[in-house]
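To start, the structure itself, in structure tokens.
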2 protein chains.
Amino acid sequence: MAKTTLKSLAAVLNMSVSTVSKALNDSYEISESTKQRVKDFAKKLDYQPNVLAQSLKTGKTQTIGVILPKMTSPFESQILEGMQLTASALHYKIVIMSSMEHEETERIALQSMVNKAVDGLLFCPIHERSNVDLAKQIFNKTPVVIFDRTDYPLETHKVGVLNAEGTFSACKHLFEIKRKKIAIFCGTNQGITAKRLAGYRQAHQQFNLDVVPEYIVFCAIKSIEDLHLQMEQHIVRLLKLPNPPEAIIGASDTITTHLLGVLAKLEINVPERIAVVGFANTDLALSLNPSLSTIRQPTKDIGAIAVRKLVEVINKTNRSQIEWEEINLPTSIQLRRSTIG
Amino acid sequence: MAKTTLKSLAAVLNMSVSTVSKALNDSYEISESTKQRVKDFAKKLDYQPNVLAQSLKTGKTQTIGVILPKMTSPFESQILEGMQLTASALHYKIVIMSSMEHEETERIALQSMVNKAVDGLLFCPIHERSNVDLAKQIFNKTPVVIFDRTDYPLETHKVGVLNAEGTFSACKHLFEIKRKKIAIFCGTNQGITAKRLAGYRQAHQQFNLDVVPEYIVFCAIKSIEDLHLQMEQHIVRLLKLPNPPEAIIGASDTITTHLLGVLAKLEINVPERIAVVGFANTDLALSLNPSLSTIRQPTKDIGAIAVRKLVEVINKTNRSQIEWEEINLPTSIQLRRSTIG
DNA sequence: TTGTAGGCGTTATCAT
DNA sequence: ATGATAACGCCTACAA
């Protein structure tokens with residue numbers, strides 16, 4: 001089953017390679033009759049153009065690469081969905097590589113994206129200092145747009161959300177329902193965490209409330225089991241304080257959703273004893289125990305806008321004087337039983 | 001910032017292209033000193049081989065393509081993780097394309113995978129008749145392994161799970177805790193659903209219990225909202241039966257997890273009134289309402305084995321006489337409060 | 001040890 | 001309207 005190429009097609013048809021190529025590409029300089037003949041044969045012999053050769057020649061791959069740290073939560077899946085939808089509308093394909101929160105894996109992924117395998121790159125770095133030099137090198141040759149973790153030292157378009165605003169609204173809501181003592185459970189993702197913490201502080205300031213240092217908790221997410229353990233210990237510790245918190249904000253998707261499991265295990269009533277709200281894009285919020293109040297990120301939009309901005313750059317002939325934008329989309333808050341009983 | 005190529009490197013170094021190429025590839029026919037000089041310059045000028053050209057020449061891309069219907073649930077993410085881990089151990093990269101449960105998108109994805117853009121393909125079709133002809137064409141030129149939805153008319157390696165066994169154990173467990181009246185909520189994915197239903201029937205037969213036709217429910221999953229609605233109606237209907245069921249088995253991840261939300265909304269006590277168990281690979285089982293008994297699929301293994309079998313085929317020079325295997329891995333059942341109170 | 005030349009499968013320019 | 005030819009960037013016999 002030798003593969004059909006332009007050459008073999010040309011041989012069978014007794015025509016030159018260039019004629020066949022033009023015919024298949026509907027060139028105006030080819031007669032309808034030959035076009036038809038060529039296309040018929042192409043179909044019959046199952047001709048598939050070799051994209052590698054095509055891209056090598058044209059310098060375009062019509063492919064966008066996506067590198068992101070993980071795709072284990074709905075947050076990432078939803079972003080990817082948004083990207084794919086928009087990309088295919090713009091006639092681009094999407095190829096995805098996960099860095100698995102692992103710097104070396106990320107390096108390999110970035111490497112493989114350079115090399116003109118893609119026309120542009122959508123990149124969510126594992127943290128703000130990972131593979132910066134490599135990213136800059138790539139950026140010299142290939143358009144890059146950073147998404148989600150926008151705290152990354154690369155001067156280009158960035159698409160994320162208003163993180164501080166998210167925690168701010170959560171605090172505001174909790175204050176309004178008379179929960180003034182709010183703990184916050186953070187992951188270690190520095191830039192984003194910092195902003196979400198900032199929103200937490202701002203809210204306290206605005207409502208003239210002191211921030212209790214003990215209420216700010218950091219968890220390293222190595223494994224789910226380990227995370228459960230850490231959170232359990234923190235919760236136990238917090239509840240022993242003279243002034244135990246009446247609410248917990250989860251500063252990341254993973255933390256927020258698993259928080260409920262830990263509280264359930266400790267038999268702590270939510271929201272009676274501890275109200276819970278946090279960043280979470282799961283559509284399982286209704287099935288959770290109890291139904292979970294969430295700060296939602298506009299994931300589809302993040303994906304869509306990231307693609308659009310990237311394609312914009314790809315199509316720009318004069319990349320040198322683009323004004324790089326940082327686009328931060330608003331979050332929304334959905335109240336359910338975990339805060340309002 | 002003109003890109004460095006072998007040619008430009010050679011020019012700078014006053015050497016021939018082939019010498020530079022060989023030096024960079026550590027050919028034995030090049031002296032250490034020139035190798036060093038070449039590599040130094042390559043690094044200095046930030047030389048990145050053009051993978052397109054490389055692959056075009058060698059016919060190998062060291063890349064495996066993955067096409068799957070969606071990646072919105074942990075089930076898929078976990079499979080992808082398993083694939084990536086194994087692939088990178090075998091020096092392959094993974095590129096992922098989602099068909100989004102959409103036949104046309106799947107076609108495009110398949111098309112783009114043909115064309116020698118990948119050395120092999122891991123394919124989970126959206127259903128058992130989607131793009132079969134195209135898949136066969138591809139299969140003629142590129143190794144393909146089917147995973148998860150193994151009910152697909154392509155003679156090749158297939159990796160999935162023992163679906164019937166999963167529902168069988170679930171029924172058995174429910175029977176043992178004296179829940180003999182079991183409804184089953186199925187998605188529309190035909191092959192897998194059929195097998196899971198078969199397991200349900202087998203269990204009934206083995207325990208000398210009749211299958212009640214009304215207990216077998218099909219839901220089309222168009223959107224989460226719609227699914228909730230459908231399930232709600234079915235549950236209401238079932239509970240009005242003279243012999244209402246005492247348990248529900250969810251025959252797919254989505255159905256199982258969302259089932260809890262619907263039951264919660266209807267204020268039906270789980271497990272007191274209705275016990276729930278079903279296929280689900282979420283690690284949120286503990287945070288659910290109540291904690292969810294699950295039939296777990298060995299997702300990492302599915303991914304790992306699929307990659308291994310595929311690479312096996314890729315490396316086979318004589319593909320014509322491979323004995324195709326269907327590998328079905330056992331599921332495991334994890335009991336939590338949704339069945340045992 | 002190094003260089004020359006051909007080709008991978010396309011597309012594009014320029015003749016015919 | 002069709003064909004010859006070069007080029008994309010790389011690898012690899014084969015020559016020197």
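Residue numbers begin at 1 in each chain, while the letters A, B, ... track the order of the sequences.
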When you measure from the side-chain N and O atoms of [X] to the phosphate of [N], is any distance below 4.0 Å, counting only OP1 and OP2?
X: T19(B); N: dG3(C); value: yes
X: T34(B); N: dT1(C); value: no
X: S18(A); N: dT11(C); value: no

Write down the distance between [atom1] ([X]) and [atom2] ([N]), rounded to a whole number of angstrom.
X: L24(A); N: dT2(D); atom1: CG; atom2: P; answer: 13 Å
X: Q36(B); N: dT1(C); atom1: CD; atom2: C1'; answer: 17 Å
X: K22(A); N: dA1(D); atom1: NZ; atom2: P; answer: 11 Å
X: K35(B); N: dT1(C); atom1: NZ; atom2: C1'; answer: 11 Å
X: E32(B); N: dT1(C); atom1: CD; atom2: P; answer: 10 Å
X: D26(A); N: dA1(D); atom1: CG; atom2: P; answer: 14 Å

Pairwise side-chain contact, Q137(A) with L110(A), heavy-atom cut-off 4.5 Å (strictly under):
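Side chain of Q137(A) against side chain of L110(A), heavy atoms only: no contact under 4.5 Å found.
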Hey, is the main chain of M100(A) close enough, under 3.5 Å, to the side chain of T105(A) for a donor-acceptor pair?
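No.
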When you measure from the side chain of K70(A) to the backbone N and O of S77(B), does any donor-acceptor pair fall under 3.5 Å?
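Side chain of K70(A) to backbone of S77(B), a donor-acceptor pair under 3.5 Å: no, none is there.
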Test item: side-chain donor near acceptor, S73(B) and E76(B), under 3.5 Å
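Present: a donor and an acceptor within the cut-off.
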Criterion side-chain contact (heavy atoms from CB on, under 4.5 Å) against F123(A), the qualifying member of I67(A), V66(A), V145(A):
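The option that passes is I67(A).
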Heteroatom pairs (N/O) under 3.5 angstrom, protein to nucleotides 8-10 of chain C:
unit_1	atom_1	unit_2	atom_2	d
dC8(C)	OP2	K7(A)	NZ	3.3
dT10(C)	OP1	Y47(A)	OH	2.8
dT10(C)	OP1	N50(A)	N	3.2
dT10(C)	OP2	L6(A)	N	2.8
dT10(C)	O5'	Y47(A)	OH	3.2

Heavy-atom neighbours of E155(B) CD exceed 12 at 6.0 Å
no
